[in-house]
Each structure stands twice: as C-alpha cells, then as structure tokens.
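Only one structure is covered here, and it is reproduced in the block below.
Quick note: residue numbers are just sequence positions, from 1.
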Amino acid sequence: MTTTAAHVSNARPLQESGEIRLVDVAKQFGNTYAVQNINLTIPHGSYCCLLGPSGCGKTTILRMIAGHETPSSGEIYIGKDMVVGKAPVERGTAMMFQSYALFPHLSILDNVAFYLKMRNVGKEERRQKALEMLQRVQLDHLKDRMPAQLSGGQQQRVALARSLITNPKVLLLDEPLSALDEFLRLRMRGELKSLQDELGITFVHVTHTQPEAIALADMVVVMDTGRIDQADTANVIFNKPKTPYVARFMGGQNVLTGTVESNSGGVFKLKSADGSTFEAKAGDETASAGSKLSVSVRRDHVALRRGDGTTEVNSIAGVVDATEYQGSYVKVTINTAGGVFVANVSDRAYFAEPVDTGDKVVASWSTEDVHILSKADTGVAGDPYLDGGH
C-alpha cells in the first residue's frame, strides 16, 4: 500500500529549513578529484535526485552533505548553518544506506527505537515513538518480527522509519531501490514520493537509473566525471537537455551534429558530415554560417518507413540493426552512414508496417521536434550521431 497522509495520525510540526547549498565544493582523493567546482542549491522540501553513471561523484556529494566525508574545499550549508566540520548528528540529516543496515538480532520495533536508545530516551517513550514511526510506514503490525522475516520492501520501510525517527530536516538516500526486483522497485518509488510529499522535508536521492529520477524528482541533477552537467526539473532535463551528454544519458534522445549553412526566417539549416540535412528553430540561439551545432530529437518523435536513401530535410536513411519490443512501443535501432539512430515506434504503427533486421528504412521528424543543444558534440570519430541510453 502506498503511504498517504490519511494513514498518519500526527501531523509533522514545522521545522527549520532543509535547503541545501553547496558552494565551490571539491573533494580530492590523492591526485584525483571525485567532484570539483560543485555549486548547487536544493530548495527546502524538494525531492532531488543526483543522477549519473558509477564513479561520477554523486555518492561523494551525498556523503559530504551527511558529514561522512569532508570537502577538500568549499562550503556546505543546511538552512542557514555552514555544516562543514560538524558531526553528522549535528546537521539535521539522516542517511538511509543501500544495504539498509538493520540489526539482525533486534526486533523491528527495537531497530527503529535504537537511535533514541543511544540518546538515553526512556524505554517506554522510545518504543512508543518507534511504534508511531512504524505506523507511518504501515508496518506496526510486524513490530515484533526480526529483519530476516521481512521482505526486501518491508526492510526498506523499516530503514526509512529508523531514519525518520531522528526528525531530520534532510533525508539522504543512497540508491535505496537498487536491491529490489522490478515490481517492488516500482511500488517503492510510489511510496517514497508519497512519503516525501506528506513529510515536506528535503529528500536527496542518489541513483544511476534515469526512469527512477524522472518519476520521483522535483529536481534532477545530472553528473558527469565529478561535475554537474545540468540541474533542472525532470521535464526540462528530459525534453530540453543542454548538452549532448545529458541528451544521450537520459536515454530518450538522438543527437545530431551539423554545420550551419543558413539562418532564414528563424530556422537554422544544418548539414551533417554524411550529407544529411536537417532544420532547427533558432529561438534565442545564435550561430554563424560554417559553425558547428548539435541538436537532439526525441526517439518517440521519429517516424519510420521503408525506403532506400533520402534527400529530404529532417530525415536519415539506414539499415535496421535491431528491433526490441517494449510493450507500448518498439525500439528500432538503425545503422546510418553517420552512425547509430534510434526510433521508438508506437506498437500500433510498427505492427501496421513492421520492419526487421536488414531492412532499408528512412527515419524522419518534424522541425518543431528538434531541440538545439548549448554545446556542440565532440562525438567520436566515425560516429557523429553516437546514440546512447536505453
């Protein structure tokens, strides 16, 4: 069951701000920077996902906010307090680890009450507060069970209850869903978001899974090799990526690079290295003739038909390399003269005119569906389209 406000008997009291500010933060291990030049503000009460591949620095940022790592330079604020140098317990944060780290020899109730025990809260009081927390996550009926007697999702909710009993301003979650199967992961996504909406505190959630970040976050921070590439709402990150890296990493976009041939009527005309031509509405962008410009096109905005070659604007000819049925759509991967291009074709459209490996096809799209990226793609030799993501 999804946790909702209707299941909570006690409203959460107003508390200090859980806004987080990182100012010129860097963390160095030996001669290597795990993160560098991090400037980020996470508003109070928001659900923020730090998103990126393994080794990009997202967990290092989480641990520095928590106080488990000390920045090599820079400042971290929670509310009005500069917290660098403060112990974790002084920061108003709670951290839920990927492993949950439950005590196997303690009951569920005593696991949740453990923090209060360490602070010399009386037995009856701490057990009552722990029971209230278990009610909040709908596990009070299992209070006497041991962790080994619970499912993975139930263990996660116990870990959440144990974190929340500290009454934090900020809850930090280190890949909390990665150990769950797909069905449970989807269910727990809903529970986490509902719980955050109900509590109104700041959640900072580390993940390497794009759909998870899009589904949960008010704010998505996309990281690459220790730096922030883009931070914005999930909608903007997915539909209006700033860089080729973000467009590819989010998984729903093709990246195209071409030379500007003209700018007529507010529309750029571009020509790629393989001779394909495409257009993009200039908007506020400026680019002179002869300069390089990269654009992105959402996979689900691409139409597909059988064909052998094309001279049309906003189209690419190629050979089908693979098809993957995804239920509501079919992912069609195409090898073109410029590299790899992907079309996500609705199941209805695909099965009305199916294509298979080896078929010659033409992919096309509308100028209105082309988004200009703020950085030109450096690409990889022989693969200027270099599609990425899943």
Side-chain angles (χ1 to χ4, degrees), residues 20-42 48-66 68-76 84 95 98 172-178 204-214 216-217 219-234 236-257 292-296 339-340 342 371-390:
I20 301 168
R21 286 192 299 125
L22 287 79
V23 182
D24 295 327
V25 170
K27 179 61 179 179
Q28 190 172 4
F29 295 98
N31 294 323
T32 302
Y33 279 96
V35 295
Q36 193 172 9
N37 299 327
I38 299 296
N39 288 282
L40 177 67
T41 297
I42 301 173
C48 174
C49 278
L50 302 178
L51 175 66
S54 297
C56 71
K58 56 189 184 295
T59 298
T60 299
I61 289 178
L62 197 76
R63 290 178 60 82
M64 287 192 292
I65 295 171
H68 301 306
E69 294 283 359
T70 302
S72 301
S73 60
E75 299 175 334
I76 298 174
V84 174
M95 190 161 180
Q98 184 177 343
L172 307 169
L173 303 107
D174 185 12
E175 301 205 33
L177 306 180
S178 62
V204 184
H205 176 138
V206 161
T207 181
H208 59 270
T209 306
Q210 296 91 332
E212 189 173 301
I214 291 171
L216 285 169
M219 178 181 189
V220 177
V221 179
V222 183
M223 296 193 62
D224 178 30
T225 58
R227 299 177 186 272
I228 295 173
D229 233 51
Q230 188 173 355
D232 215 311
T233 65
V236 170
I237 291 286
F238 188 80
N239 288 294
K240 297 181 178 180
K242 284 187 175 180
T243 67
Y245 169 79
V246 174
R248 291 196 178 104
F249 184 76
M250 293 310 295
Q253 307 266 0
N254 294 287
V255 176
L256 304 165
T257 299
K292 293 287 185 182
L293 200 63
S294 289
V295 299
S296 64
V340 177
V342 176
H371 169 66
I372 298 176
L373 303 172
S374 62
K375 293 182 180 179
D377 188 20
T378 55
V380 173
D383 193 8
Y385 300 147
L386 189 67
D387 182 78
H390 302 284

Quick check: closest heavy atoms across [X] and [Y], and the distance to 0.1 Å?
| X | Y | result |
| --- | --- | --- |
| Phe238 | Met250 | CE1-O, 4.1 Å |
| Gly226 | Ile38 | O-CD1, 3.6 Å |
| Val206 | Thr59 | CG1-OG1, 3.7 Å |
| Leu216 | Cys49 | CB-SG, 4.4 Å |
| Val255 | Pro244 | CG2-O, 4.0 Å |
| Asn239 | His371 | O-CG, 4.1 Å |

For this session: Show the numbers, then the answer: is there a side-chain contact (heavy atoms from CB on, under 4.5 Å) between Cys48 and Val221?
Result: CA-CA 7 Å; Cys48 174; Val221 179; 3.8 Å; yes

Is any side-chain heavy atom of [X] less than 4.5 Å from a side-chain heavy atom of [Y]?
| X | Y | value |
| --- | --- | --- |
| Leu373 | Val295 | no |
| Pro71 | Val84 | yes |
| Arg21 | Ile42 | no |
| Ile20 | Ile65 | yes |
| Pro53 | Phe249 | yes |
| Met223 | His208 | no |
| Asp232 | Val220 | no |
| Ile372 | Leu293 | yes |

What's the spacing between [X] [atom1] and [Y] [atom2] if we round to 0.5 Å?
| X | Y | atom1 | atom2 | answer |
| --- | --- | --- | --- | --- |
| Asp224 | Cys56 | CG | SG | 7.5 Å |
| Asp174 | Leu50 | CG | CG | 10.0 Å |
| Leu173 | Thr207 | CG | OG1 | 10.5 Å |
| Arg63 | Glu69 | CZ | CD | 5.0 Å |
| Thr60 | Phe29 | OG1 | CZ | 5.0 Å |
| Leu22 | Ile76 | CG | CD1 | 5.0 Å |

For this session: Mark yes when over 12 heavy atoms from residues, nucleotides or ligands other than Lys242 sit less than 6.0 Å from its NZ; otherwise mark no.
Result: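 For Lys242, atom NZ is not crowded (no more than 12 foreign heavy atoms under 6.0 Å).
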
Exercise. For Arg227, which residues count as a salt bridge (Lys or Arg N to Asp or Glu O under 4.0 Å) partner, sequence neighbours excluded?
Worked result: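 With neighbours one apart ignored, the set is empty.
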
Checking [X] side chain against [Y] main chain: does a donor-acceptor pair fall under 3.5 Å?
| X | Y | value |
| --- | --- | --- |
| Tyr245 | Val222 | no |
| Gln210 | Gly52 | no |
| Asn254 | Val342 | yes |
| Thr209 | Glu212 | no |
| His205 | Glu175 | no |
| Lys27 | Gln36 | no |

Problem set entry | Flag for Asp24-Asn39: side-chain donor and acceptor within less than 3.5 Å | yes

For this session: Report the residue from Met64, Lys58, Gln28 that forms a side-chain contact (heavy atoms from CB on, under 4.5 Å) with Val35.
Result: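 That would be Met64; it is the only one of Met64, Lys58, Gln28 passing the side-chain contact (heavy atoms from CB on, under 4.5 Å) with Val35.
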
